[in-house]
Amino acid sequence: MTELQKDPITRGDFLGFGLLGTVVGAILTIPPVAFVLSPVIKTDLLGESDIDEGWQEVASVSDIPTDEPASFTIEFPIEQIYAGPDVQNQFPDEKRSDEEFTLKNAVWLSWKSEINHDTGKIAKVERPSFLDEKSSGFSESEREELKKNINVLSNSCAHLGCPVRWLINLDGKGEFLCPCHGGLYDINGTYEGGPPPRDMYRYVNVKIEEDGKLYVKHGYDIEPGLDKQQPYVV
Amino acid sequence: MIGRARSQAADASKFVVDWMEHRTGVVTHMEHFLYEPVPKRGAWVYTLGSACLFLIALQFLTGILLLFYYVPTTDHAWDSVYYIMNDAYFGVLIRGIHYWSANFLMAVIGMHMAQVFFSGGYKAPRELNWVVGVVLLLLVIGLAFTGYLLRWDQDGFWASVVGMKIGSYSPFIGGATIHFLLGGDTVGPATLSRFFAIHVWLLPAAIAPLIGLHLYLLRRHGVFGSESEYTERLAKLHETQRLEEYSRLEMGDDPYDDDDDRYGDNGSRNGRE
Ligand code: FES
C-alpha cells in the first residue's frame, strides 16, 4: 500500500469534514438534479399530466363502416414548457406561436364483430339496426347500445407504439398490422401474433351525444395492477 | 535566389520551433503523442482508433456549423433543417458530412473494438482503456439516438418514440426513464428541447474529456506494447516448446522414429514460428 495520507487528521476533524461535505454536497446537487428531473417528479410522484383531460370529438357514429374499421384523428391539447397556457395567454392579442400544441392521435373505430375462427373472417357484426333509419336524435338507451358495440382503439401498437393499419389479405381476411415488427390484431383489437404483449389499447372514457357524435377522453385500458408504464403509451 | 529563400524559410521555421520548444516543450510532446512504433505487418488496423477520432472531430466541427441555422423548437425545427438543405450555401455538404460521418463512426467503432478484442489489446495493463472505450461507445450511441429526433421528421420522430419506449420496459426505472426523456408524459416541445440539450451540450461535454483520457492511457501503455515485452513473450514461448520436446524425449518417444509431429521431414516445431 502506498502512503496516501501525509498528515493524519483526528476523528473529530474527519467527522466534521464529512458532515460539512454532505451539507455542501446536498446544497450543490439537489437544485440542478431537481431542475433536470422536474418532469419525472411531476408525472411520477405528483401524478400530473401534460395532456388535457377534457372530451375531444372523434367522429359521428354513422361514419363507421359496417365491416371494416375506419381511422379518425383526434387532437388533445398539451401543455409543455412554452405551450403552457401562462405563456400562450400572457399577451392575448399577440399570438405566441403559430402552432397549436396538441398530441395528435389516430383512433380506429369499428363495430364489435364476431370472428369465425377457421377462416379468420368476420362472422357477425354488432351494428344496431336503427342506424339504418337515422343518424342523429338517439335516445338514452340507443346511445348506450351504440357505446357498448363500438371498438374505440388507439392506433398506437401495444409493442413499441408504431401506428398500426388495417389490411385485407388475399383470402379476404382483415387484420391490424404493425409496420415496425409485424404485430397483428383482429378487428376488435385482440392480439393475434407478433411481439406485442397485449391487445390494442382501448379508450376507456367514451361518450356519444344525441346527434351521434362520439367523444373520448385521453386514457387507456391499462390493468390496475400493472405499472402504468409497461408497456408505455402516449 | 530560390535556394536562398528556401534556406531562410527553413531558418525562420527552426527559430519558431525552437522558441516554442524552449517555452512550452510542445515539440517533444507532439513527438511523444504523434509517433508510435507499430509492427510492420497489418499496420493499417492500428489506424482504426485514429479514424474514430477523426470522425468525432468532424462531428464536432459540422455540428457547430449546423447550430448556426438549426432551431430547436417544434414549430421550426423541420423548417430550419429544410433551410439548411435548400437555401444555405453548402448546407447539403455540411449536414451530409454530419450525417454520414455519424453513420461511419458507428461502423468504425465496431471495427476498432473488434481489432482490440481479437488482438487481445484489452489485457493487462490496458484494461482501463477498454473500460473507458466502452463508456465512449455508450456516449456515442446516446448521441446517435438523440440526434435522430432533432430532424423532427416522421422518420426521426418514430425512431425516437420506439427507442424511448424500449427504455420504458426497463425494470423499476422504466417510467422515470421515459418521463425524463419526454420531459413530461407526452411527446411535445419539452421532448425536443431535452434531446437538443443532451445532444449538443451534455454528451459532447462528457465525451471530450473521456477521449482525452482514452488517448492518455493509450500513450501510457502504447498501442502494441514495447519491443522488449514482445521479445520476452517470444523467448518464453521458445522455452516452453523446448521443455516440451525434452519431456517427450525422456518419455522414450523417439521423435526421429517417424514423422509423428506431422511437420514433414525437414520441419520441426521450432522451425515453424
Ligand atoms: S411496434 Fe408494433 S410490433 Fe413493434
Side-chain angles (χ1 to χ4, degrees), chain A residues 32-33 35-52 75-84 87-88 95-105 156-163 178-181 195-197 218-219 222 226-234, chain B residues 71-80 82 142 145-146 148-149 152-203 205-206:
Chain A
V33 168
F35 178 78
V36 168
L37 293 186
S38 53
V40 180
I41 297 167
K42 282 185 188 153
T43 342
D44 288 318
L45 300 180
L46 308 178
E48 290 173 15
S49 172
D50 299 337
I51 304 163
D52 189 279
E75 300 199 26
F76 299 100
I78 59 171
E79 292 171 17
Q80 262 181 4
I81 45 177
Y82 53 85
V87 183
Q88 294 295 326
K95 255 175 117 193
R96 307 310 290 168
S97 158
D98 290 338
E99 197 173 308
E100 295 276 326
F101 291 94
T102 53
L103 169 68
K104 216 181 206 172
N105 277 356
S156 171
C157 177
H159 180 223
L160 293 170
C162 290
C178 175
C180 287
H181 321 98
H218 191 265
I222 293 166
L226 201 66
D227 178 356
K228 182 157 146 269
Q229 306 312 332
Q230 284 179 347
Y232 189 83
V233 58
V234 281
Chain B
V71 182
T73 64
T74 43
D75 20 0
H76 299 305
W78 191 88
D79 304 280
S80 64
Y82 188 86
F145 176 63
T146 48
Y148 210 174
L149 183 81
W152 207 246
D153 58 1
Q154 289 292 327
D155 191 5
F157 182 93
W158 286 108
S160 306
V161 167
V162 167
M164 284 187 270
K165 287 192 179 181
I166 293 175
S168 78
Y169 277 89
S170 39
F172 308 117
I173 54 157
T177 310
I178 191 164
H179 290 148
F180 170 74
L181 288 171
L182 287 171
D185 63 349
T186 182
V187 192
T191 318
L192 186 60
S193 295
R194 294 190 149 234
F195 273 56
F196 180 73
I198 294 172
H199 185 78
V200 171
W201 261 111
L202 184 68
L203 294 182

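Convention: sequence-line order gives letters A, B, ...; per-chain numbering from 1.
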Rounded distance (nearest 0.5 Å) linking atom [atom1] of [X] with atom [atom2] of [Y]:
| X | Y | atom1 | atom2 | result |
| --- | --- | --- | --- | --- |
| A:Glu48 | B:Asp185 | CD | CG | 9.5 Å |
| A:Gln80 | B:Thr191 | CD | OG1 | 5.0 Å |
| A:Cys157 | B:Lys165 | SG | NZ | 8.5 Å |
| A:Asp44 | B:Ile173 | CG | CD1 | 11.0 Å |

Return the option, out of A:Val36, A:Leu37, A:Ile41, with the maximum number of heavy-atom pairs under 4.5 Å with chain B.
-> A:Val36

Write down the atom of [X], the atom of [Y], and the distance for their closest heavy-atom approach.
| X | Y | result |
| --- | --- | --- |
| A:Ile81 | B:Ala190 | CD1-CA, 3.6 Å |
| A:Gly161 | B:Trp158 | O-CZ3, 3.2 Å |
| B:Pro189 | A:Phe101 | CG-CD2, 3.8 Å |
| B:Gly184 | A:Pro39 | N-CB, 3.4 Å |

Qualifying residues under ring pair (Phe, Tyr, Trp, His ring centres under 6.0 Å), relative to B:Phe157, sequence neighbours excluded = B:Trp152

Considering only heavy atoms, which portion of B:Ser193 lies under 4.5 Å from any heavy atom of chain A: side chain, backbone, both, or neither?
->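 Only the side chain of B:Ser193 comes within 4.5 Å of chain A.
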
How about A:Asp50 and B:Thr186: does a side-chain donor come under 3.5 Å of a side-chain acceptor?
->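 No - no donor-acceptor pair under 3.5 Å links their side chains.
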
